[in-house]
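Reading through the structure tokens given below for one structure.
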Amino acid sequence: MISGITLSPGLGEGNIFVYRDIMNRLDEFYDIDDAHTGQELERLELALSRISKDLRNLADRVETEIDAELSGVFHAHLAMVQDASLRIEVEQEIERELVSAGSAVRTVFRRWERRFQSIDAEVSKQKGDDMRDLTRRIVSALAGVHGHALEKMPKGSVLVANRLLPSDTVFLARNMATAALLEVGSKGSHATLFANEIGLPCVSCIPGLLETVSENSYAIVDADGAQSIINPTKSQRDTFLEKTEQKMQVNKKARSLAHKSAITKGGLKIPVLANVGDVEDTRIAIASGADGIGLYRLEQIYLSRQHPPSVAELLKEMQTTLRPAKGLPVYVRLLDIGADKQLPFIDMPKESNPSLGQRGIRFLLQYPDLLATQLDALLQLSIDFDVHILVPMVTLSSDMIAVEEALKGATFRNKQSSIPKLGAMIETPAAALAAAEISKHTSFLSFGTNDLTQYSFAADRENPSVDSYFDDAHEIIFRLIRMVHEDVPNMPLSVCGELARRSIATSKLIDCGVTSLSVAPLSIPTVKETVRNSHCA
Ligand code: PEP
Ligand code: MG
């Protein structure tokens, strides 16, 4: 029996699939004796020739399918792999230091990476990153691993991992895992949101998990109770199946009413919208009775690419994602990058405290081309969709004024007369306190309670050791929301953080002046039921 904390509720069972970051696979980094140098040199040769082939194919494919400039990156990687001096240095490291091919690659490539990074030129810095990427590729090839490990997880598995990063979740296809058990992961983390959004029951804060469980053992996961049983007895499994059945009955009732409006007993109609990241989310949202899309996060589009999307590419992605919601209001959030979410194609500034650094709108204002692409695409999207634009991580009204200006510029560029409505995410105490000023430049506000909690309690949402301070249902969060409502009584107020789907919070949020909720697609039926059972007037 294993226990931890619930990141995402639900019940699931299946065979365990252990996911380890390839760079942590210690079995590629070991010492050898004289007799084994030949074998390691051979393994190195094989891995390098396989990678050369992969890189050549990749470069060709990218050139025909994407663009010639990007394919240049892979040609450059290929040249590095084939660089004679680099290869000789790795071979010498194996022979002189008597270490495995993996260890030698790691040491030599790190040395080169440092050399590049010490030269203060952009091109050299990028080369340093290329070296890091290549190290990962070669070590993977030495370990016989192709592609991302999560792509190979058999359907119906219980995923066991140290932690899930946003870049990993890109590869975690929906319905592949029935549940997840993690060593680390905090309640406010983006991995938590992702788990909730795909309805993946998830328990975290299980120290030593990877050492405790073995691949292919059977696990039942009760994320509602923050527990899991590895290799359960028959009676434990029967109890679990009974619980699953009861839960299904409750959900069935909520689902049968999902397409009806949610009206409180006091007569208030509260639209319940969905948080989405891709078309599958939107499909589920609409099937689950969503009254619209309350938060479309664009990060997934950017995190899975090696180059920034053009206006046409972004527009196409957004149209595809939102198509099932055509005719309903959609709230698209500008790219919220920074902190734990890093863009693969931009050498992001190294910050000692990234959550308090350049993220959200602060980052976009530093990269006006990225902002312009999004605004152009959103304007074109608004021809066919009821588009509202959400600005992430607003601090003061100056952020909104800058976006307003950029939007005016985009409207002029696109020769469009109608401008989509603009709203601010209230995610910092400063923004909550400045709501009256901010609202002069918005048509609505949306509380991102995950970040609002992180910044109110000065508790990093990704850091499990301060989880006890991360309390998004604390009175101070409701107080901030109520205060905003009192300062701007006529402004539509939405909540799109995790708090929005908690049944204990629903009535309180409505009493604080919240006019709509936006939640993970699968939570819509139950949240609507909770609204119906509340007495708010
Ligand atoms: C939030 O902060 O509550 C929010 C909805 O945005 P994200 O979780 O994507 O930062
Ligand atoms: Mg946020």
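For the numbers below, each heavy atom of this structure counts, side chains included, while hydrogens, waters and symmetry mates do not. When a ligand or atom number is given, it counts from 1 through the structure's own listing order.
Here Glu427 has side-chain heavy atoms under 4.0 Å from ligand 1, and that is the only part of it that gets that close.
At a threshold of 4.0 Å, the pair Asp511-Arg482 does not count as salt-bridged, since none of the basic side-chain nitrogens sits closer than that to a carboxylate oxygen. Salt-bridge check for Arg297 with Asp336: failed, with every basic side-chain N at 4.0 Å or more from each acidic carboxylate O.
Less than 4.0 angstrom separates some heavy atom of Arg461 from each of these atoms of ligand 1: 2 (O), 7 (P), 8 (O), 10 (O). Ligand-side atoms of ligand 1 in range of Asp336: 10 (O), range being under 4.0 angstrom from any heavy atom. Residue-ligand proximity, Gly497 to ligand 1, at heavy-atom distances under 4.0 Å covers atoms 3 (O). In the vicinity of Arg359, heavy-atom distances shorter than 4.0 Å reach the ligand 1 atoms 10 (O).
Nearest protein neighbour of atom 9 (O) of ligand 1, counting heavy atoms only, is Arg297 NE, 2.8 Å.
Ser355 and Arg461 share no donor-acceptor pair across their side chains, judged by distance under 3.5 Å alone. In the model, Tyr296 has a side-chain atom that pairs as donor or acceptor with a side-chain atom of Thr321 under 3.5 Å. Side-chain contact annotation: Asp278 with Gln300, donor-acceptor N/O pair under 3.5 Å present.
The minimum distance between the Mg ion (ligand 2) and any N, O or S atom of Glu427 involves atom OE2. Nearest N/O/S atom of Asp451 with respect to the Mg ion (ligand 2) is recorded as OD2.
Both cation-pi conditions hold for Lys508 and Phe478: the charged atom is under 6.0 angstrom from the six-membered ring centre and inside a 45 degree cone around its axis.
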message = Could you go through Lys408 and Glu405, starting from their C-alpha distance and side-chain angles, then the distance that decides it, and tell me whether this counts as salt bridge (charged side-chain N to carboxylate O under 4.0 Å, His left out)?
response = CA-CA 5 Å; Lys408 268 188 211 145; Glu405 280 305 307; 3.6 Å; yes

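Taking 2.8 Å as the criterion, Asp336 does not count as a coordinating residue of the Mg ion (ligand 2), since none of its N, O or S atoms falls below it.
Any N or O atom pair closer than 3.5 Å counts here, and Arg333 shares at least one such pair with ligand 1.
Phe345 has its ring centre no less than 6.0 Å from the ring centre of His307.
Residue contact check for ligand 1: Met393 places no non-hydrogen atom closer than 4.0 Å to it. Look at Gln454 and you'll find every heavy atom at least 4.0 Å from all atoms of ligand 1.
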